[in-house]
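Treat the numbers as computed from the prediction; the structure is a model and nothing was measured. Residue numbers start from 1 in every chain, and the chains themselves are labelled A, B, ... in the order their sequence lines are given, proteins ahead of strands. Below, each value reflects all heavy atoms present in this structure, side chains not excepted, and no hydrogens, waters or symmetry copies.
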Amino acid sequence: MRFWLMKSEPTDVSIDDLAALPEQTVAWYGVRNYQARNFMRDQMQIGDGVLFYHSNCAAPGIAGIAKVASTPYPDATQFDRNSKYFDPKATLETPRWFNVDVQLVQKIELVSLPELRAHAELERMRTLQRGNRLSITPLDPSEWRFITERLIR
DNA sequence: GCCAACGTTGGC
DNA sequence: GCCAACGTTGGC
């Protein structure tokens with residue numbers, strides 16, 4: 001079992017949006033970065049722990065606990081001409097982008113970015129590193145435990 | 001809206 | 001394969 005931090009812009013899919021979806025589950029569509037894709041395609045397994053992070057918004061931070069809820073499959077938006085995620089180089093035979101489904105476990109009181117930065121235990125977290133932009137990053141089990149056991153009210 | 005950091009593109 | 005130009009991310 002692995003642990004992941006996954007960023008979502010709340011104007012796109014917020015934690016409340018996720019909570020309102022059938023099965024409280026969403027396809028993690030729209031990833032167009034190879035490293036992040038590879039995490040989903042090659043490393044994620046059903047049941048992996050996910051921290052659902054709100055990014056590019058007024059109050060960035062961890063907004064919920066979730067889990068990986070499917071094996072990887074082709075991201076439908078790459079084939080959709082009307083989607084901003086359409087990829088003309090992708091074909092049904094050779095899809096380029098993959099996603100998993102993510103299911104909400106629990107909405108939490110926001111653990112803000114400044115709070116995350118305040119703990120020495122988390123200083124090596126990828127998301128907190130200078131210049132990091134990757135939307136999906138692995139978490140050390142120790143980081144997962146610290147956040148889920150110590151920072152969540 | 002600014003801008004630092006980083007990934008991708010494409011000419012050569 | 002190099003690398004300048006460009007686009008995107010995301011905190012502030």
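For A:Trp97 and A:Tyr34, the ring centers are positioned less than 6.0 Å apart.
Side-chain nitrogen and oxygen atoms of A:Lys7 include none within less than 4.0 Å of the OP1 or OP2 phosphate oxygen of C:dT9. Within the 4.0 Å cut-off from OP1 or OP2 of C:dT9, not a single side-chain nitrogen or oxygen of A:Tyr53 is found.
Atom-to-atom, CG of A:Leu134 to P of C:dT9 comes out at 12 Å; the value is rounded to the nearest Å. For the pair A:Asn38 CG and B:dG7 P, the interatomic distance rounds to 13 Å; values are reported in whole Å. If you take CH2 of A:Trp97 and C1' of B:dT8, they are 10 Å apart, rounded to a whole angstrom. As a whole-Å value, the separation of A:Leu116 CG from C:dG11 C1' is 14 Å. In this structure, CG of A:Leu128 is placed 20 Å from P of C:dT9, rounded to the nearest angstrom. At whole-Å resolution of the value, OH in A:Tyr34 and P in C:dT9 are 15 Å apart. Rounded to whole Å, the distance from OH on A:Tyr85 to P on C:dT8 is 11 Å. Taking atom CG on A:Asp87 and atom P on C:dT8, their separation rounds to 14 Å, with Å as the unit.
Of the residues near DNA chain B, A:Asn132 and A:Lys89, the one whose nearest nucleotide (by heavy atom distance) lies more toward the 5' end is A:Asn132.
The base of C:dT8 sits with one of its N or O atoms less than 3.5 Å from a complementary donor or acceptor on the side chain of A:Arg133.
In this view, A:Asp87 and A:Arg96 satisfy the salt bridge (charged side-chain N to carboxylate O under 4.0 Å, His left out) rule, not counting sequence neighbours.
Looking at residues 55-66 of chain A, you'll see A:Ser55, A:Asn56, A:Pro60 sit with a heavy atom under 4.0 Å from some atom of DNA chain C.
In this structure, of C:dG10, B:dG7, C:dG11, it is C:dG10 that holds the atom nearest to the side chain of A:Ser135.
One finds no salt bridge joining A:Asp140 and A:Arg145 here, because no Lys/Arg side-chain nitrogen approaches an Asp/Glu carboxylate oxygen to under 4.0 Å. Salt bridge A:Arg150/A:Glu115: absent, no basic N to carboxylate O contact under 4.0 Å.
When atom types are taken as modelled, the side chain of A:Asp80 and the backbone of A:Thr77 share no donor-acceptor pair closer than 3.5 angstrom. Judged purely by atom type and a 3.5 angstrom limit, A:Asp48 uses its side chain to pair as donor or acceptor with the backbone of A:Arg2.
Applying the ring pair (Phe, Tyr, Trp, His ring centres under 6.0 Å) test to pairs two or more places apart or on separate chains, those with a residue in residues 53-81 of chain A are A:Phe52-A:His54.
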